[in-house]
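Order of the sequence lines sets the chain letters (A, B, ...), proteins ahead of strands, with each chain counted from 1.
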Amino acid sequence: MTQETEPFDQLPEAIVARLKARDRGLALLTPAVDRAVETAAREQFAPRRSRTAAARGWRYGAAAAAAVALIAVFIAQPFSPNDADRRRLADDIDDSGRVDVLDAFALARSRAGDPDAVSQSRIDALVASIVSLGPAEGAL
Amino acid sequence: MRHTRIAALFGVVALGLALAGMRFALAQPGLAAESAARFTSSDVRFATIDVYVDSPEPLAAWQFELREATGSMAVVGVENGESAAFAGTPHYDLDAVAQGRAERIIVADYSLGERATLPVGRTRVATVHVRLMGAQAPEFQLQLIAAGNAAGEAIDAAAVIELQEGRAE
């Protein structure tokens, strides 16, 4: 008695016959069929998988570049007035749209009328900034 | 996938370097010392430039900028003009002149003196002492940035220069 037939010996004949009939209906997957299916599946899905991976890679790159650009804009703040702009606006005493000696002159006239209105050092600093040629090369 | 991520990383680094490079390039000042080094000592001479302002009404404040188009000028000093209303040394970038990097100069002054003491008409407001380098004729450019009356109002004045050639070095 083999292991295959052993369980059937204890079953009624009718059941054994039906079970054997069902076994004959099962599809047999031989190694050759298995390899063929595997090869076909690889051919079908391999290009799609690489395209998906490439697209995902580009998305990562674009997201990283956008993040760097956002950080750069956040640091540089090109659209908001910087300290120099704010200082320049504050120094435009006569509202002429630019800072020149007439602004320093306006401060000096104000001080001549009321010495507490503005300090001489403020006037001197403004005149110095007006005639400044900019920092020396390498200066901080 | 791995190669794509590496490429993206390089892209981000390259973008960062490009941004940093742009900031560095924009921050560079003029190369005054380089232009001075182009000339031999025999090409160097000194001159004075008188700057006149012609004002239709009493002049209380003025500001001008003097440049030289060929890059052969270095300002070595500035002195006041002829009017008693502007008796002191006018304002200019003394550090830049002392450091020999004044290829241009901005000069300004104002007077709180009485209106009657302020100059009217053509007045020498400053004299600029310069060192000129090279054999070619200098091309001076004068811009009157501002001129004002005693009330601090802008006035329609004009400015001219007169060159006095000096000794050669």
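- For a residue to count as touching a neighbouring chain, one of its non-hydrogen atoms must lie under 4.5 Å from one of that chain's; by this rule B/Asp109 touches chain A with the backbone only.
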(message) Please evaluate residues B/His91 and A/Ile130 with respect to the criterion side chain to side chain contact (heavy atoms under 4.5 Å, CB included), reporting the C-alpha separation (whole Å), side-chain torsions for both, the decisive distance (0.1 Å), and the verdict.
(response) CA-CA 9 Å; B/His91 302 278; A/Ile130 288 168; over 6 Å; no
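- With sequence neighbours excluded, no residue forms a ring-ring contact (aromatic ring centres under 6.0 Å, His included) with B/Tyr92.
- Note on B/Val51 and B/Leu118: separate hydrophobic clusters, where clusters join Ile, Leu, Val, Met, Phe, Trp and Tyr whose side-chain heavy atoms are under 4.5 Å apart, directly or indirectly.
- Using a 4.5 Å cut-off between heavy atoms, A/Ala108 contacts chain B through both its backbone and its side chain.
- When each of A/Val131, A/Leu102, A/Val101 is paired with B/Gln63, the side-chain contact (heavy atoms from CB on, under 4.5 Å) condition holds for A/Val101 and for no other.
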(request) Could you give me the CA-CA distance, side-chain angles and deciding distance for A/Phe105 and B/Leu112, then say whether side chain to side chain contact (heavy atoms under 4.5 Å, CB included) is met? (result) CA-CA 8 Å; A/Phe105 185 43; B/Leu112 293 170; 3.7 Å; yes
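- Legend: side-chain hydrogen bond (donor to acceptor under 3.5 Å, both in side chains) pairs involving residues 112-131 of chain A, not counting sequence neighbours, sorted by first then second residue: A/Asp91-A/Arg122, A/Arg111-A/Gln120, A/Ser119-A/Ser121, A/Gln120-A/Asp124.
- Hydrophobic clustering of Ile, Leu, Val, Met, Phe, Trp and Tyr side chains at less than 4.5 Å, counting indirect connections, keeps B/Leu66 apart from B/Tyr52.
- Proximity to chain A among residues 141-149 of chain B is limited to B/Ile145, B/Ala146, B/Ala147, B/Gly148, B/Asn149, judged by heavy-atom separations below 4.5 angstrom.
- Of the two parts of A/Ile123, only the side chain, counted from C-beta on, holds a non-hydrogen atom closer than 4.5 Å to a non-hydrogen atom of chain B.
- Not counting sequence neighbours, the partners of B/Asp50 by the side-chain hydrogen bond (donor to acceptor under 3.5 Å, both in side chains) test are B/Thr127.
- Hydrophobic clustering of Ile, Leu, Val, Met, Phe, Trp and Tyr side chains at less than 4.5 Å, counting indirect connections, unites B/Val128 with B/Phe140.
- Nearest heavy-atom pair across A/Val127 and B/Tyr110 is CG2-CE2, 4.1 Å.
- When hydrophobic clusters are built by joining Ile, Leu, Val, Met, Phe, Trp and Tyr residues whose side-chain heavy atoms come closer than 4.5 Å, directly or via intermediates, B/Phe64 is grouped together with B/Leu94.
- Connection of B/Leu163 to B/Met133 is not established within any shared hydrophobic cluster, with ILVMFWY side chains joined at heavy-atom distances below 4.5 Å, either directly or through further cluster members.
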